[in-house]
Asker: 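Handing you this structure, nothing more for now.
Chain letters run A, B, ... following the sequence lines, proteins first and then strands; every chain starts at 1.
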There are 2 protein chains.
Amino acid sequence: MSQPIDRRLPRAEVRTRPAGPPTLATVADEAGVSRQTVSNALNNPDLLRPETLERVQEVIERLGYSPNRAARQLRTRSSHLVGLRFEPAQEGTSNALMDRFLHSLVAAASRTGHHVLLFSGDPDDPLDGYDDLLRSTAVDAFVVTDTYAGTPQAGFLKDRDAPFVTFGRPWEDPHADHAWVDVDGAAGARAATRHLLEQGHRRIAWLGWERSSRIGQDRRSGWEEALRAEGLDPTGLGVRVTDNVDAARMATHHVLDDPTVTGFVCASDTLGLGVLHALAERRLQPGADVGVVGFDDSAAAQVAWPGLTSVRQPLEDVAVALVHTLHDVLAHRPVAEQGRMLEPSLVVRRSSLRGWTP
Amino acid sequence: MSQPIDRRLPRAEVRTRPAGPPTLATVADEAGVSRQTVSNALNNPDLLRPETLERVQEVIERLGYSPNRAARQLRTRSSHLVGLRFEPAQEGTSNALMDRFLHSLVAAASRTGHHVLLFSGDPDDPLDGYDDLLRSTAVDAFVVTDTYAGTPQAGFLKDRDAPFVTFGRPWEDPHADHAWVDVDGAAGARAATRHLLEQGHRRIAWLGWERSSRIGQDRRSGWEEALRAEGLDPTGLGVRVTDNVDAARMATHHVLDDPTVTGFVCASDTLGLGVLHALAERRLQPGADVGVVGFDDSAAAQVAWPGLTSVRQPLEDVAVALVHTLHDVLAHRPVAEQGRMLEPSLVVRRSSLRGWTP
DNA sequence: ATGAAAGCGCTAACAA
DNA sequence: TTGTTAGCGCTTTCAT
């Protein structure tokens with residue numbers, strides 16, 4: 001019969017004391033324009049008359065308005081979030097890489113207005129975690145770091161049309177056509193080996209990982225090439241161990257039973273530190289007696305005595321390249337280069353220098 | 001005049017090939033129930049008749065449905081995201097803490113359905129980054145890790161009613177009433193000192209940070225207490241340096257000019273490594289000649305020769321406690337304890353053991 | 001150059 | 001127990 005009573009507070013009343021942070025409507029009311037105009041002020045400022053724009057911006061500033069992400073994401077289907085699966089660091093190995101890389105990535109992503117979303121997954125299932133995030137449209141894209149030869153992440157993500165970039169080239173798969181960024185490990189090992197050659201070493205051993213590691217094989221190839229380029233024969237100088245200090249220490253003792261060997265290029269800092277342990281036990285002096293080079297320039301390499309020369313990955317550049325590539329991928333733009341290969345650099349410390357004394 | 005033509009595709013047609021992932025409506029159609037019922041199946045399963053529930057769940061499973069996060073967030077005002085400002089690791093210091101902590105946090109948060117959002121900020125402005133995230137309602141809460149005496153983050157966040165927990169107690173502020181989790185640094189240093197006492201050392205030096213570091217002062221107090229409890233006088237045995245290997249190395253040489261000193265408890269692994277450097281230069285044997293204990297159990301401590309004994313923070317427990325506390329804070333539940341203090345443990349390696357030989 | 005209307009996918013409040 | 005309605009805050013489309 002009678003009109004239902006409108007129990008809503010009068011519009012102005014509501015806006016006077018908004019419960020939470022200001023919304024687009026608050027700003028619009030305050031500036032005396034429509035909500036759409038405020039939206040345009042944010043996303044298409046060119047459409048506004050300069051004076052309107054300025055007025056709106058003043059209100060935005062004054063109210064400390066920031067667009068609600070959920071609403072924007074719901075509408076534009078873009079979260080401005082980049083997902084990264086974050087695996088536990090292996091205890092006992094000097095995995096300082098992730099720390100440095102992650103910070104570079106966060107910084108690089110923030111420059112394009114993106115944030116990094118960390119998620120975890122069952123260590124036994126390399127795909128765990130991705131699907132959930134994808135189906136709930138929580139992230140715009142993924143950065144995949146834990147790729148090695150034959151990992152299924154790329155195929156999985158490609159199947160679902162998920163935008164992604166890998167840190168790590170697609171080793172074995174000639175058909176892979178996804179974007180990637182990687183560091184030239186062979187070039188790093190080559191530089192390390194050449195550095196020891198320049199220091200006068202001729203019999204330089206390689207201390208690396210098992211044959212199954214594609215990354216390890218790549219790095220090893222750089223050592224081999226550098227030796228052969230000098231007319232030296234690497235035969236019998238390559239050793240494979242698991243990536244821990246003690247395995248490296250013992251292997252080193254074995255190698256040093258051949259007194260002609262005076263140099264070690266290692267696939268990781270962990271292994272390099274293992275060599276230093278063996279030298280300490282044999283009362284040999286790093287640098288002067290035996291030259292040692294590690295890989296990754298971890299914190300451990302920096303603070304170990306007497307300082308471990310190491311191949312440093314340009315992680316800052318890697319992060320920038322990843323974000324840049326992601327940008328193209330997300331814009332459905334053909335990615336300029338499918339893969340970007342970056343050069344590592346050598347950080348020389350005393351473990352590879354002949355002329356120093358404690 | 002005439003009815004406007006309905007240009008929409010018939011409902012069923014639309015749903016047959018949805019553009020993106022399935023939505024709640026897709027599931028509802030498929031299961032022959034209303035959307036609300038599907039929502040209830042997800043959030044209040046008890047409300048449904050078992051057979052309805054089962055049918056809906058079957059469809060959800062079959063379609064691989066996952067609720068759209070943006071929509072849910074917009075409605076519930078909860079993103080299930082925890083913000084963490086991620087600072088760059090200091091090069092040259094062995095900051096392995098963040099790596100371990102971060103993984104523990106990601107894992108702990110995932111158990112309550114939360115993800116960790118990383119953001120960066122101007123290093124010169126401890127508040128940079130927080131406000132943006134807050135105003136755009138991007139995160140539910142913050143974990144604040146870079147607190148030290150007098151940092152403004154807590155006050156800032158409290159002013160805006162932002163839920164947060166700090167890793168680090170509110171040192172100087174007796175009025176602080178926010179939730180926190182911390183590790184008892186004094187207890188750690190006490191354990192380290194007692195360990196060296198048990199190894200037979202009597203003149204044990206403290207190698208710590210500048211007086212301005214509240215954390216450093218706390219740790220130092222543990223060393224002092226342990227000595228006094230034994231009737232020993234710490235006077236003249238405490239040294240303050242900046243947190244880098246070389247400063248520690250030089251300070252150690254200075255301390256060792258007093259030949260009665262045979263033990264070092266350090267405020268960090270970086271400093272502990274510095275002590276080891278000095279010992280190497282003096283051809284003294286760690287453990288046998290001089291006992292050394294570091295702090296944080298970083299990767300560097302683990303791989304350094306001959307193994308650096310160190311105080312290990314229970315970061316896994318810290319992460320769990322943080323998430324647990326956050327859970328209470330977010331539920332507006334009175335937090336059980338305002339602060340949770342966790343005990344570190346001592347990881348003994350050879351740098352503090354008398355009876356080993358290389 | 002500005003405004004009005006519709007709707008993204010979900011859940012809170014209410015009705016049946 | 002299930003369905004209907006409304007609306008979270010934003011942008012897209014279309015009208016003015």
Asker: Please report, rounded to the nearest Å, how far the C1' atom of D:dC10 is from the CZ atom of B:Arg77.
Answerer: 12 Å
Asker: CZ of A:Arg135: more than 12 outside heavy atoms within 6.0 angstrom?
Answerer: yes
Asker: Kindly say if A:Ser34 contacts the phosphate of C:dT2, meaning a side-chain N or O under 4.0 Å from OP1 or OP2.
Answerer: no
Asker: Let me know the distance between CZ of B:Arg135 and P of D:dG9, rounded to the nearest Å.
Answerer: 16 Å
Asker: Could you state the CZ-C1' distance from A:Arg69 to C:dC10, rounded to the nearest angstrom?
Answerer: 20 Å
Asker: Any chance the rings of B:Phe164 and B:Tyr130 have centres within less than 6.0 Å?
Answerer: no
Asker: Using a cut-off of strictly less than 4.0 Å between a heavy atom of the residue and any atom of DNA chain D, enumerate the qualifying residues of residues 43-57 of chain B by number.
Answerer: B:Leu47, B:Leu48, B:Arg49, B:Thr52
Asker: Quick check for you: among D:dC10, C:dG3, C:dG9, whose closest atom lies nearest to any side-chain atom of A:Val33?
Answerer: C:dG3
Asker: With respect to the phosphate group of D:dC10, does any side-chain polar atom (N or O) of A:Ser39 fall under 4.0 Å of OP1 or OP2?
Answerer: no
Asker: Classify the angle between the aromatic ring planes of B:His103 and A:Phe86 as parallel (below 30°), tilted (30 to 60°) or perpendicular (above 60°).
Answerer: tilted
Asker: Would you say a side-chain N or O of A:Arg72 is under 4.0 Å from OP1 or OP2 of D:dT11?
Answerer: yes
Asker: Whole angstroms only, please: what is the CG-P distance between B:Leu74 and C:dA12?
Answerer: 12 Å
Asker: Give the rounded distance in Å between these two atoms: CG of B:Asn68 and C1' of D:dC10.
Answerer: 14 Å
Asker: Side chain to side chain contact (heavy atoms under 4.5 Å, CB included) between A:Lys158 and A:Asp177: does it pass, once the steps are laid out?
Answerer: CA-CA 9 Å; A:Lys158 214 187 313 174; A:Asp177 58 353; 3.1 Å; yes
Asker: Please report the distance, rounded to the nearest Å, between CD in B:Gln36 and P in C:dA16.
Answerer: 16 Å
Asker: Is there a donor-acceptor pair closer than 3.5 Å between any side-chain N or O of B:Asp140 and the backbone N or O of B:Val82?
Answerer: no
Asker: To the nearest Å, how far apart are A:Leu24 CG and C:dG3 P?
Answerer: 12 Å
Asker: Taking the side chain of A:Arg35 as its heavy atoms from C-beta onward, which of D:dC10, C:dA12, C:dC10 lies nearest to it?
Answerer: D:dC10
Asker: Taking atom CD as the centre, does A:Gln338 end up with more than 12 heavy-atom neighbours from other residues, nucleotides or ligands that are less than 6.0 angstrom away?
Answerer: yes
Asker: Mark yes when over 12 heavy atoms from residues, nucleotides or ligands other than B:His178 sit less than 6.0 Å from its NE2; otherwise mark no.
Answerer: yes
Asker: Roughly, in whole Å, what's the span from CD1 in B:Ile60 to C1' in C:dC10?
Answerer: 13 Å
